[in-house]
Amino acid sequence: MRASQYYLPTLRQAPAEAEIASHRLLLRGGFIRSLAAGVFSFLPLGLRVLRKVEEVIRTEMNRAGAMEVLMPVLHPRELWERTGRWTAFQPCPLRVKDRNEREFCLGPTHEEVVTDLVARDVTSYKQVPLTLYQIQTKFRDEIRPRGGLIRVKEFTMKDAYSFDVDEAGLDRSYLAMYDAYVRIFDRLGLPVQIVEAEAGSMGGHDTREFMVLNESGEDTIFICDTCGYSANAECAVARPPASTSRERTEKPRLVSTPNAKTIDAVCAVLGLPADQLIKTLIYRAGEEFAAVLVRGDRELNDFKLAGFLRAPDLRMATPEEIEQVTGGPVGFSGPIGLPESVRIIADCEIASVTDAVVGANQADAHLVGADPGVDFQVETYTDLREAVHGDPCARCAGTLQAKRAIEVAHVFKLGTKYSAALDAVVDDEHGEQRPLIMGCYGIGVSRIVAAIAEIYHDDNGLVWPAAVAPFQVALLLLDPDREDLRQIAEQITADLEAAGCETILDDRDERAGVKFKDADLIGHPLRIVVGRKTAETGEVELQRRRDGVQAMAKPEEVVAKAGELLA
RNA sequence: CGGGGCGUAGCGCAGUCCGGUUAGCGCGUCGGCUUUGGGAGCCGAAGGUCGCCGGUUCGAAUCCGGCCGCCCCGACCA
């Protein structure tokens, strides 16, 4: 391929809107261009990278026994209503109407479509296990696109769905995908941390996320420095302190805390540290109210609470509801003297708090000297708080380290949520009808491009791993007007391409500096220079982008030498 | 959606507070000459609804109101 005929619009300066490295460099290198917030075009170079990533995924999926299909982007509303997700899916699917006012959404994910597909044609246990996948554009009306390709409204995703008759089959299908993912990221050269996670709006269990450690990521994960336990912040568990035994002391004492509606304010008024306070949050689930207790210096984790209460309509109580239930205004709620009907749930840590400050359930007052289990009873102690950097690991004597990460893939077990709703049932070996048990496995293909760019770059530009580089070799012909040099360069290009090494010949009518800068910016793994030195010595210069290792070679030796350097 | 920032030539920016000639600068683009191994030099040229709509004013890039777009921080996800 000749650079002089290639669409290669590199930018000397990054557009102002790009902040993170991958976004900046992908724009500058002429890989992508933005059309609107979270909507991008892939230019020839970017598309080559995207296709490389796809191809790695495709071969490993096929190897794992999954079969590729292509499902529609346009999904009829009725299908989504059968699973209740027309309104429940977050972020909300993009919706369109046809000329007859029939409603569709642009597929944000394909559980409904694939399950419906399988429901129509799979009727016997003999037809499973079955794993179908596709590589396709997904649409999500993201609340806030950000970070170039990191979070967008329209993106390429590989999504796979497995169907089995029993849990054992699901386990096998799940493991096959898990292993395939490990191989995929290994081949892509992308180091991933596999973490425990929540399933989000898809529903499911045994959720694992494949994370690329990076400051531009949107997730926080915790990794134990000793045992390797790792989990998304949404479900990371820290070891609570040993619970403390208490004796009945004096009854809690009412103190005046005028206008102290926040933990900070109460601490200031009473001169006490926040870990001496118990924060009482009032939640509503259906017609039921719950008082949720966490230590004053902690944050409640909503995922954990929702997971414990298992109430689909869980929400914080309104100020009016709080007043009605506790008898006091917002900011002064406490666990003492609540109506019997209010459940009291506490984070494990509360069990070791003594002599605590709690809200008095009346305006401008708190109670001092409250002891859990003595002055009030707790229905259940469970892990409800947000883990923080430096917390003790729940599984060993190690310490949890907080890190930022980019989620690039996700595997989890769906169970029968979709098969039951969409009648994907088969006869088992006894002739009994059973809903298929599903697993779901996603990879953010275009996001991987961003993640690789985040990880592999330096001050001069991108540094693509060979597996995904748009071209393996950039051959810089510094004097395109010299016919002898041009012939050498073209011969080397032909040799390399014949050897299966994708090569772009930079024969543009540009100065040497421009070609060097562009080659560095674009990040070709190997650069070969044909220039004046070649005319003098008959040799060309090879340089590896990754570490700058150089070598000289005669034209007929270039293929072998390039192979060595790219290995 | 809440908070913050920004919108002037393809890209990066100045000018806006304090209204007043023909709206500037760097890069890029086009033409010419020179140059030619790390984003060249000189000469010449093209390129602008100053995001949009309305208002104030003799006069608006600049002041006021509304709207749109983009980026960043927060709650969601691949």
Across all strands shown, which nucleotide pairs with B/C50 by Watson-Crick or G-U wobble geometry, both distances under 3.5 Å? none
Counting only side-chain N and O atoms of A/Arg146, is one of them less than 4.0 Å from OP1 or OP2 of B/C73? yes
Heavy atoms only, 4.0 Å cut-off, all strands: where does A/Arg482 land among base, sugar-phosphate and nothing? nothing
Would you classify A/Glu541 as touching base, sugar-phosphate or nothing, given that sugar-phosphate means primed atoms plus P, OP1 and OP2, and contacts are heavy atoms under 4.0 Å? base
Please state how far atom NZ in A/Lys153 lies from atom P in B/A78, giving the value in whole angstrom units. 17 Å
Say whether A/Thr493 and A/Arg2, considering side chains only, have a donor N or O and an acceptor N or O under 3.5 Å apart. no
Scan A/Lys533 against the nucleic acid and name what it touches under 4.0 Å (heavy atoms): base, sugar-phosphate only, or nothing. base
Contact class for A/Asp518 vs. all strands (heavy atom < 4.0 Å): base, sugar-phosphate, or nothing? base
Sort out the partner of B/U35 for me: Watson-Crick or G-U wobble, both distances under 3.5 Å, none otherwise. none
Aromatic ring pairing A/Tyr181/A/Phe185, orientation class (parallel under 30°, perpendicular over 60°, tilted between): perpendicular
For B/G59, the nucleotide meeting Watson-Crick or G-U wobble distances (both under 3.5 Å) is none
For B/C70, what is the paired nucleotide under Watson-Crick or G-U wobble rules, both distances under 3.5 Å? B/G5
The Watson-Crick or G-U wobble partner of B/U22, with both key distances under 3.5 Å, is none
A/Pro15 side-chain proximity, nearest of B/C77, B/G12, B/G74: B/G12
Stepwise side chain to side chain contact (heavy atoms under 4.5 Å, CB included) test for A/Glu154 and A/Lys138: CA-CA 6 Å; A/Glu154 178 181 335; A/Lys138 295 280 187 276; over 6 Å; no
If I take atom CG in residue A/Leu478 and atom P in nucleotide B/A40, what distance separates them, rounded to the nearest angstrom? 13 Å
Counting only Watson-Crick pairs (N1-N3 plus N6-O4 or O6-N4) and G-U wobbles (N1-O2, O6-N3), all under 3.5 Å, who is the partner of B/U29? B/A45
Students often get this wrong, so: under 4.0 angstrom with heavy atoms, is A/Val408 touching a base, only sugar-phosphate, or nothing? sugar-phosphate
Search all heavy atoms of A/Ala553 against all heavy atoms of A/Val558 and return the closest pair with its distance. CB-CG2, 4.3 Å
